[in-house]
Number of protein chains: 2
Amino acid sequence: MNYNYQTPRYLLVIDQIKEKINDGELEPGERLPSETDFAKELRVSRNTLREALRILEEENIIIRKHGVGTFVNKKPVFSGGIEELFSITDMIQREDKIPGTELLFTGSVDPHSDDIKELNLNENEQVLLVKRVRTADGSPLVYCIDKIPANLLAKGYKLNEESMLKSLQEKAGITISYAKADIKTIGYHEEISEILNCDSDTPLLILKQIHYDLSDKPILYSLNFFRSDQISFSVFRKRVF
Amino acid sequence: MNYNYQTPRYLLVIDQIKEKINDGELEPGERLPSETDFAKELRVSRNTLREALRILEEENIIIRKHGVGTFVNKKPVFSGGIEELFSITDMIQREDKIPGTELLFTGSVDPHSDDIKELNLNENEQVLLVKRVRTADGSPLVYCIDKIPANLLAKGYKLNEESMLKSLQEKAGITISYAKADIKTIGYHEEISEILNCDSDTPLLILKQIHYDLSDKPILYSLNFFRSDQISFSVFRKRVF
DNA sequence: CTATAAAGGTGAGACGTCCAACAAGTCAAC
DNA sequence: GTTGACTTGTTGGACGTCTCACCTTTATAG
C-alpha cells in the first residue's frame, strides 16, 4: 500500500494565494496580477492558475470581473451554518463549552415503520438504538435518539461517548457524507422536557436527520430535541439563479 | 469567419448530456463512455468535455470514480432546502397552495438599535417598516416583519403584494444575492399567535434573516413567525472536509 | 489452487498555445 | 464637445498533448 499522496499543483496554488491574503500581501479589494503575470510569478501554467482561481471564486474568496481583473473579496466569508454538516459535539465546542454525554439506553431493537422507510431496511433487520442526553458545561442541552442498521456494525461495536459521526468513521470505517435535515418545533414533551429540565414555556427545537455515506446509502437516522432557550440554528442561504 | 459560438461549447455539452439522460439514452446508474471516446462522440476536446463533467458532478447529476468511470447518478437530487434562498411566496407555491397577503402596516419609522447594527445604518436614517400576514389557501401561515433602509427606495416606492425579493428586484433594481438566516422558536406570542389564529400549545418557528445584495450590502432585515404546525424547514447538510 | 505481478483502461492534473468576448482608455473626425 | 473607430489589456473558452494515479482484469509463478 503506497499512499503516495502528491498534492496537485492547483491545490498548492490555492494555498499560496490564501496565504498571500492572510499575510496581508494581498489586501481585501486589491486587484491580483493579471492571469498571465500571476501564472509566471507562481511558476505554473495559466490554466493551472485558472483552475485555482475558479475554486477560490466558488469559495467567495475572490471575485473575477471579465475584462477588468480579479479581486480579493472584501467580506469575511461567514459560514458555520447548519448547511455544513457537523456533530453536536462540534456544535457545543464552537460555543466554547465542554461537551458531555449521559447514556440513557443502548441496544438492538426492532425498527418502526418510519425507520424501515428512512433507512431503507429489510423486514427482519434490527437497528441499534441509542438514547443520550448531551450536555454543555454540564447542563443538559439536547436529547438525542440515534438509530443505525445493526448489520452495519461489528458485533463488538462499542459506542464511545463522543461524536457519532466520528465514532462511525473510526470504529466502523463508515464516512458520513451528507444529511437531509428537517427542523421542527414542539411546545412540550412530557418525557423529554422533563429530562432536559426545561419548563412548559420553553419549546423544543427538533432536528430530524437522515445521514448518508459516500455512496448515498442511508446510515444513521437521528432525532435531536434541543432546549430552544440555549440554541438557534443559523443557515447561510444562497440565491440560485 | 463568425462561427456560431454564442454560447460556450461546454454549456452546450452539458445540455446535450442532460438531454441524453432525460431521453433515457443514458439510464441512471449507467456508465458513460470513457472521456476520450465521449469527447470524440460529442465532437469536442477532452478538456471541454471534462469542464462539462466537472459542473455536472457539482450538480450531483453524475458521479466520477477515479480509475473506474463516470456514472449517471441514481438518486433524484433532492434540494429545495432553505440553504437555497427563496421567498415565502415561493415556499407556499411549492406546497401547491395559493399565496395571499394581508397588509397590516407600512411606513417609515426610526430604526431600533438592532436594525442599525444589522443593516449598518447611519444615525438619522429611517427604515421602511412593513408588517404583513402571509396566507396559504386563505389561512394564515406566517407573520412577517420587514425592514429596508428608506434611502434605498424611491419616494414613490409602492409595495406590491408579492414577494419582497421580486419587488426589490423589479421596482428598485436591487438584487438580493444571499441571506444569513437564524432559526429560533418561541412558545407563544400574545399578539402574533392571536393573529395567526393558533392556540397556546402551538409554538412559533422564527426565521430571522438579513439579506444582502451582490456587493454584500445589507438590504433587508426580516423576521418571520411561522405556525409550526404547518411548516418545517428542510436543510441539505453537506460534510466539508 | 492461490497469490502475486503485469497490462490495459480510466479519470486527474498539468502544460503551452490560440482565439473570442469584454472593458476601458486614446485619438482623430465630425 | 461628442461621437465612433482603434488599441490595449483583461478574463473566458477551447484545443492537443503529455504524464500520473487509480482500479480492474488477466496472466503467470509458486
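Residue numbering restarts at 1 for every chain, and letters A, B, ... go by the order of the sequence lines. Scope of the values below: all heavy atoms of this structure, side chains included, with no hydrogens, waters or symmetry mates. Since this is a predicted model, take the numbers as computed values, not measurements.
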Tabulated below should be each protein N or O lying under 3.5 Å from an N or O of nucleotides 7-11 of chain D; please produce it.
residue : atom : partner : partner atom : Å
D/dG9   : N2   : A/G67   : O            : 3.4
D/dT11  : OP1  : A/T70   : OG1          : 3.3
D/dT11  : OP2  : A/E35   : N            : 2.8
D/dT11  : O4'  : A/G67   : N            : 3.4
D/dT11  : O2   : A/H66   : NE2          : 2.8

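Checked against salt bridge (charged side-chain N to carboxylate O under 4.0 Å, His left out), A/D182 has the following partners two or more places apart in sequence or in another chain: A/K184. Partners of A/Y10 according to the ring-ring contact (aromatic ring centres under 6.0 Å, His included) rule, which considers only residues two or more places apart in sequence or in another chain, do not exist here.
Following rounding to the nearest Å, B/E51 (CD) and C/dG11 (P) show an atom-to-atom distance of 16 Å. The distance from atom CG of A/N47 to atom C1' of D/dT19 is 16 Å, rounded to the nearest whole Å. Computed from coordinates, the B/L56 CG to C/dG11 C1' distance equals 15 Å when rounded to whole Å. In this structure, the CD atom of A/E58 is 16 Å from the C1' atom of D/dG12, given to the nearest Å. We find that CZ of A/F38 is positioned 18 Å from C1' of D/dG12, with the value rounded to whole Å. Rounded to an integer number of Å, the gap from A/K40 NZ to C/dC15 P is 15 Å. One interatomic measurement links the two molecules: CZ of A/R43 to P of C/dG16, which rounds to 12 Å at whole-angstrom precision. Atom C1' of nucleotide C/dG16 and atom CG of A/L49 are separated by 14 Å, given to the nearest angstrom.
No side-chain N or O of A/T106 forms a donor-acceptor pair with one of A/R132 less than 3.5 Å apart.
Between A/E57 and A/R50, no side-chain nitrogen of the basic residue sits less than 4.0 Å from a carboxylate oxygen of the acidic one, so the salt-bridge criterion is not met.
Ring to ring, A/F233 and B/F233 are not that close: their centroids are 6.0 angstrom or more apart.
A donor-acceptor pair under 3.5 Å is absent between the side-chain atoms of A/R46 and the main chain of A/E35, judged by distance alone.
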